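First up is the structure itself, then whatever we jot down about it.
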2 protein chains.
Amino acid sequence: MGRPAKFTREQLQQAALALVDADGLSGLTMRALASRLETGAMTLYNYVSQREELEMLVVEAVLGKVRWETDDRLPWHDALEDIAIALWRVIRDHPHVIPLILTRRSRSPAVFEVTEALLRTLAHSGRSGARLLVGFRAVSALIMGAAQAELAGPLTLQADESPDETIARFQALPPDRFPHLIEIATAATASDAETEFRASLSLLIDGLRADAAPLA
Amino acid sequence: MGRPAKFTREQLQQAALALVDADGLSGLTMRALASRLETGAMTLYNYVSQREELEMLVVEAVLGKVRWETDDRLPWHDALEDIAIALWRVIRDHPHVIPLILTRRSRSPAVFEVTEALLRTLAHSGRSGARLLVGFRAVSALIMGAAQAELAGPLTLQADESPDETIARFQALPPDRFPHLIEIATAATASDAETEFRASLSLLIDGLRADAAPLA
DNA sequence: ACCTGAACACCGTTCAAGT
DNA sequence: ACCTGAACACCGTTCAAGT
């Protein structure tokens with residue numbers, strides 16, 4: 001038998017998330033994580049086979065934080081809204097991780113469990129099979145797409161820019177060619193991301209309700 | 001006056017997109033692009049200031065391919081559907097670029113124009129201001145989220161995996177804990193991405209129609 | 001079994017020198 | 001103005017040797 005392990009995978013996971021939250025995604029290097037754990041870079045390869053595996057761990061650490069109610073007395077659409085907003089909030093709490101959440105596949109039990117909870121709730125609308133699949137596609141696309149907009153949408157303010165500068169940038173566009181773009185850029189300054197997400201989600205849920213089986 | 005430029009920004013843009021389409025995202029390095037253009041790596045810095053600018057060019061090259069009808073006799077919801085599907089198809093035609101589309105901001109005139117077209121169509125539903133903003137948020141999130149699912153969703157098949165293996169992987173899950181996950185994984189094999197996207201989009205559009213002003 | 005330093009094969013980018 | 005090689009400061013990862 002060998003010597004006892006110096007770390008656990010969970011320790012790497014937590015340290016990696018802390019590193020990304022603090023220093024951004026570019027701060028997550030094998031060497032930086034190793035030095036945070038006060039060891040050599042090569043030691044990490046006893047726990048993960050590649051840097052990409054580290055990135056999966058970070059994604060799973062974030063998505064694993066989602067908590068939701070499981071109150072079956074709630075109407076399905078209210079329960080669905082709760083899970084979707086819980087997911088969105090957790091993602092938004094870790095803005096530096098968003099690129100990884102969007103691009104890395106995650107397959108941890110925790111992620112499967114939120115997914116199943118969301119599906120279960122959606123199934124209470126009377127959906128199954130292909131219709132359940134489509135409902136799931138729509139809801140999860142809306143959540144992920146909202147996270148994407150947070151990161152790199154047209155209305156997102158740049159790193160080097162104040163909100164006033166963002167709106168000024170849009171108002172500098174030719175108003176005859178981009179009237180609606182200017183209009184929503186203005187509207188965006190009087191709004192906030194969660195309000196907008198909730199309202200978008202409501203639109204989709206209205207569509208889901210209209211198409212639900214009679215039992216809903 | 002100096003010597004004439006050896007390339008144009010457009011040439012870099014096209015070469016970069018071709019490189020990514022052919023070799024994947026990891027194939028896009030300053031050195032690889034330079035060698036494709038038969039020049040030294042440093043020459044590229046006469047056209048872009050950073051590698052990231054190259055990535056923006058690639059995103060804009062893809063999104064600039066979107067073409068849409070501008071037939072004002074179409075009902076707004078049909079026109080909206082056309083633009084959304086055109087966008088989705090263009091993104092899907094360049095799967096290797098999806099991570100960049102999700103994570104890089106694009107501000108080219110071409111991207112502004114699709115956005116304005118989408119907004120204009122949505123405005124025909126009677127929306128303006130904050131309601132127009134929310135409608136836009138919802139539609140673009142759905143498109144971007146669908147692209148994300150294509151890249152790294154739970155049902156996406158891995159690089160090293162056949163469709164049969166994907167479904168087998170889900171069917172190996174404990175059926176008492178993940179019944180709905182298993183159900184949609186099965187449904188997904190009998191479906192295809194465009195059908196699912198169109199159906200998700202219809203759900204959202206139904207929600208938008210229900211909430212539209214009377215003039216729609 | 002797990003740990004780890006040295007070394008290798010890459011990167012993006014700065015610098016300085018060219019025309 | 002634009003071009004470009006050399007060099008620098010990073011990376012992730014292989015290898016080989018340790019306990």
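What you see below is based on every heavy atom in this structure, not just the backbone, and it leaves out hydrogens, waters and symmetry mates. Labels below follow one simple rule: chain letters A, B, ... track the order of the sequence lines, proteins then strands, and each chain is numbered from 1. Just so it is clear, the model here is predicted, and its values are computed rather than measured.
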Notebook entry, point to check: Between the side chains of A/Ser106 and A/Glu60, does any donor sit under 3.5 Å from an acceptor?
Noted result: no
Note to self: Please tell me whether B/Asp21 and B/His94 have a donor and an acceptor in their side chains that are separated by less than 3.5 angstrom.
What the structure shows: yes
Next item on the list: Scan every strand shown for a Watson-Crick or G-U wobble partner of C/dC3, both distances under 3.5 Å, and answer none if you come up empty.
Entry: none
Notebook entry, point to check: What is the distance, rounded to the nearest whole Å, between atom CG of B/Leu44 and atom P of D/dC2?
Noted result: 15 Å
Next item on the list: State the CZ-OG distance between A/Arg137 and B/Ser191, to the nearest 0.5 angstrom.
Entry: 7.5 Å
Notebook entry, point to check: Can you tell me the Watson-Crick or wobble partner of D/dA9, both distances under 3.5 angstrom?
Noted result: none
Item checked: Donor on one side chain, acceptor on other, A/Asp192 and A/Thr195, under 3.5 Å -> yes
Checklist line | Exercise: do B/Ser125 and B/Arg127 side chains pair donor with acceptor under 3.5 Å | finding: yes
Item checked: Among D/dC2, C/dC3, D/dT4, the nucleotide that comes nearest once only the side chain of A/Asn46 is considered -> C/dC3
Check: Between B/Ile184 and A/Gly129, which heavy-atom pair has the shortest distance, and what is it?
Finding: CG2-O, 4.4 Å
Note to self: Between A/Lys6 and C/dT4, is there a contact of a side-chain N or O with OP1 or OP2 at under 4.0 Å?
What the structure shows: yes
Next item on the list: Rounded to the nearest angstrom, tell me the gap between atom CG in A/Leu54 and atom C1' in D/dT13.
Entry: 14 Å
Nucleotide N/O of nucleotides 10-12 of chain D paired with protein N/O under 3.5 Å:
unit_1, atom_1, unit_2, atom_2, d
D/dG12, OP1, A/Met30, N, 3.4
D/dG12, OP1, A/Arg51, NH1, 2.8
D/dG12, OP2, A/Met30, N, 3.1
D/dG12, N7, A/Arg31, NH1, 2.5
D/dG12, O6, A/Arg31, NH2, 3.1

Checklist line | Separation of C/dC2 P from A/Arg9 CZ (nearest whole Å) | finding: 13 Å
Check: Under 30°, 30 to 60°, or over 60°: which ring-plane class applies to B/Trp88 and B/Phe197, parallel, tilted or perpendicular?
Finding: parallel
Notebook entry, point to check: Is any side-chain N or O of B/Thr43 closer than 4.0 Å to OP1 or OP2 of D/dC2?
Noted result: no
Notebook entry, point to check: Does B/Tyr47 make a side-chain N or O approach to OP1 or OP2 of D/dC2 shorter than 4.0 Å?
Noted result: no
Item checked: Strand partner of C/dA17, provided both Watson-Crick or wobble distances fall under 3.5 Å -> none
Item checked: Selection from D/dA6, D/dC2, D/dT14 that lies nearest to any side-chain heavy atom of A/Met42 -> D/dT14
